[in-house]
Number of protein chains: 2
Amino acid sequence: MNAGLEALRSQGRRLTPQRQLVYGALLDHPGHATADDLFAGLARRLPGIQRTTVYRTLDLLVEVGLARTVRLGRSTSYEPVREGVESHQHLVCDQCGSTADVGLPALFDRVRSAAEAVGYQVSRIDLVAHGTCAGCAAAGPATGLGR
Amino acid sequence: MNAGLEALRSQGRRLTPQRQLVYGALLDHPGHATADDLFAGLARRLPGIQRTTVYRTLDLLVEVGLARTVRLGRSTSYEPVREGVESHQHLVCDQCGSTADVGLPALFDRVRSAAEAVGYQVSRIDLVAHGTCAGCAAAGPATGLGR
DNA sequence: TTTTCTGCAAATCTTTTGCACCACG
DNA sequence: CGTGGTGCAAAAGATTTGCAGAAAA
């Protein structure tokens, strides 16, 4: 299950229970999670774990290619890298804050072409679309007026 | 020139020199700027200005719809909202950190359709493509190996 | 004159770093 | 057993907040 983590050993890194838990929590988390989200969940299972460790582990996972960062809100979020996916699209509801993923398979190629026209060689794409989710649209379109 | 700022008055907000300068600096800044970028530039013209004020003003500009936030690096960036543009695409070079803009006019519609299929009503799209710029690709493709 | 804004200082939140002990391999 | 990893504490960077005086309208 934590098969991906085996990659650590081949790079001289060690496979510790903390790392397994952090990676597992990341895989379990729907969508994406902040370091603190993961820490909160993990603290229950492994009381002694430290925020620092979660940050350092996420950093490591990104370095090794098992995770990637996504910037949505005030703090950095992480999501596991799954095979065959080089592009991620997130939908964010500006009213309730809920998020969802949407797939646009052809997006990557089109952005790559456009970027090459400007001299850039693109390796990864993050797209964030803001709007209103079905729930909020139904609940109260009028609610969106005030501030 | 600072015509957009007039909108403030109609909302009961005040048009102060600080706000004019912050908005002006934002308009002048190529691409996007962090609160601190703007503060640094502004401090020269208006020595007494405070970081706090820049933060509060940018917040206000976003609230009024004259600016929007973009999350690229560790800190939040801002860019002015220009008419007729409801989607922004940024290219970021992972090697030198340089950024560029690229236009994909059709992107907005395609994302909107995909999002509607999942029940979302999209109003704005931010896309960040990571890769290598022409300069870095030419300079040293080998440089990218180490860490 | 009446609020709203600004400057200043300090608090808060997120993320990073230094160091000593612990544990994977 | 040796080096890399973790916990702990404290630092660093970004952003927010409380309050009193300054200034738009």
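The Ser75(A) side chain lies nearest to dT14(C) when the options are dT4(C), dT14(C), dG7(C). Checked against dA23(D), dC8(C), dT6(D), the side chain of Thr52(B) finds its nearest nucleotide in dC8(C). Proximity note for Arg56(B) (side chain, C-beta onward) versus dT6(C), dT15(C), dG7(D): the nearest is dT6(C). Comparing dG25(C), dA14(D), dT6(C) by their nearest atom to the side chain of Leu15(A) picks out dG25(C).
Looking at heavy-atom distances under 4.0 Å, Arg13(B) makes contact with sugar-phosphate atoms alone, never a base. Using a 4.0 Å heavy-atom cutoff across all strands shown, Thr16(B) reaches sugar-phosphate atoms only and no base atom. Note on Thr76(A): only backbone sugar-phosphate atoms sit closer than 4.0 angstrom, heavy atoms only; bases stay farther off.
Between Leu38(B) atom CG and dT15(D) atom C1' there is a gap of 15 Å when expressed in whole angstrom units. Leu46(A) has its CG atom 11 Å from the P atom of dC8(D), to the nearest Å. Atom pair Arg51(A):CZ and dT17(C):C1' shows a separation of 16 Å (rounding to whole Å applied). The interatomic distance linking Leu58(A) (CG) with dT15(C) (P) rounds to 10 Å, in whole Å. For the pair Gln20(A) CD and dC24(C) C1', the interatomic distance rounds to 11 Å; values are reported in whole Å. For the pair Leu5(B) CG and dA24(D) C1', the interatomic distance rounds to 14 Å; values are reported in whole Å. Regarding Leu60(A), its CG atom lies at a distance of 15 Å from the P atom of dT17(C), rounded to whole Å. Across the protein-nucleic acid pair, Asp37(A) atom CG and dC13(C) atom P stand 15 Å apart, rounded to whole Å.
In this model, the phosphate group of dT6(C) is not approached by any side-chain N or O of Gln50(B) to a distance below 4.0 Å at OP1 or OP2. Between dG7(C) and Gln18(B), a contact under 4.0 Å exists linking OP1 or OP2 to a side-chain N or O. Look at Tyr55(B) and you won't find any side-chain N or O under 4.0 angstrom from OP1 or OP2 of dT16(D). Note on Arg14(B): every side-chain N or O is 4.0 Å or more away from OP1 and OP2 of dA23(D).
Not a single donor-acceptor pair under 3.5 Å links the side chain of Thr53(B) to the backbone N or O of Ile49(B). Judged by distance alone, with hydrogens and angles left aside, the side-chain atoms of Arg19(A) form a donor-acceptor pair with the main-chain N or O of Arg14(A) at under 3.5 Å. The main-chain N or O of Thr34(B) is found under 3.5 Å from a side-chain atom of Asp37(B) such that the two form a donor-acceptor pair. In this structure, Asp28(B) contributes its side chain and Ala25(B) its backbone to no donor-acceptor pair below 3.5 Å.
Atoms CG and NE2, from Leu26(A) and His32(A) in turn, are 11.5 Å apart once rounded to the nearest 0.5 Å.
Both Thr53(A) and Pro17(B) lie close to DNA chain D; mapped to their nearest nucleotides by heavy-atom distance, the more 5′-ward contact belongs to Thr53(A).
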